[in-house]
Amino acid sequence: MGAREKWLLLFILGVGPLLLVVATFGLSFKRAETLRFCSDCHTMTPWVADLKDPHSQSLAAKHYRNRWILDDQCYNCHVNYAFLGPVEAKIDGVKHIVAYYTGYGMHRRIKLYEPFPNGNCLRCHENSALWQHNPTHQALMAQLRGNKVSCISCHGPAHTPKGLKG
Amino acid sequence: MPTTIEIAFILTGLGLLATIPCLLYTTPITMTIFFFLGIPLFMAGFIVYLYTVIVDLRRHGVM
């Protein structure tokens, strides 16, 4: 086997697959942020149906209907914007996929891992004049920022999925 | 061509089959297949190739 063949083998069996894996890794994680990806799992059908329901008064539906969130509506609200928030959200996503296909870790009732953090709302709303000048928000500023009072307690429900069992 | 290289080719080819669908159309299914089949197959193919290279280098007294 000549030197040229050996270099070709290195590319075909080493460098090429590595580049392909890196590209697929990055692209797939990016695409996993989309609404279409989340709605691919049938478990999420009631939530997506509510999101897209033009008559629903849920917070998610209003954000979707008015395009207050332009794209990737699920991801924009459900990623916690801590230091590694997006990374943790993606790891959680992989756990969901494993649970969905193996049944391990699947719960009868879908619920958040922890109470929905206000920071996910404040990321967009905090710097708006409308939010800042609202007297109720001003009165509750410390509690809102400290997650003692949830945004959802006044502005909910976040979702009104229909036809849930269990 | 050594048998081990052929094995490496087969493993890499299978890895490619598991990866291309995810690259073209990312769904939970294709992503699961890529992460749990594609990447391990690529790694296995590379390890077999690396083993062949090390054996070859030792035969030529380089290692």
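Per chain, numbering begins at 1; letters A, B, ... match sequence-line order.
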Tabulate, in ascending numerical order, the residues of residues 7-16 of chain B having at least one heavy atom closer than 4.5 Å to a heavy atom of chain A, or enter 'none'.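 So far as heavy atoms go, B:A8, B:F9, B:T12, B:L16 are the residues that approach chain A to under 4.5 Å.
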Residue by residue, which of residues 39-49 of chain B have a heavy atom closer than 4.5 Å to a heavy atom belonging to chain A?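 Interface residues of residues 39-49 of chain B: B:I39, B:F42, B:F46, B:Y49.
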Under 4.5 Å between side-chain heavy atoms, hopping through other hydrophobics if needed: is there a path connecting A:L18 to B:V53? no
Can you classify the ring geometry of A:H159 versus A:H78 as parallel (below 30°), tilted (30 to 60°) or perpendicular (above 60°)?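 Plane angle under 30°, so parallel.
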In the hydrophobic clustering that connects Ile, Leu, Val, Met, Phe, Trp and Tyr at side-chain heavy-atom distances below 4.5 Å, which members other than B:Y51 occupy its cluster, ordered by chain and number?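 B:V55, which link up through side-chain heavy atoms under 4.5 Å apart, make up the rest of the cluster.
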For A:I152, the other hydrophobic cluster members (4.5 Å side-chain criterion, sorted by chain and number) are A:L59
Donor-acceptor check, side chain of [X] to backbone of [Y], threshold 3.5 angstrom: yes or no?
{"X": "A:D50", "Y": "A:A61", "value": "no"}
{"X": "A:N66", "Y": "A:W68", "value": "no"}
{"X": "B:T30", "Y": "B:Y25", "value": "yes"}

For the pair A:H137 and A:Q132, evaluate side chain to side chain contact (heavy atoms under 4.5 Å, CB included) and give the outcome as yes or no after the intermediate values. CA-CA 7 Å; A:H137 294 160; A:Q132 288 174 352; over 6 Å; no
For residues A:L122 and A:L144, report the shortest heavy-atom separation together with the two atoms involved. CD1-O, 4.4 Å
Of the non-hydrogen atoms in A:R31 and A:F37, which two are nearest, and what is the gap between them?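 Closest approach of A:R31 to A:F37: O-CB, 3.5 Å.
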When A:V21, A:I12, A:L27 are compared by non-hydrogen pairs under 4.5 Å with chain B, the top option: A:V21
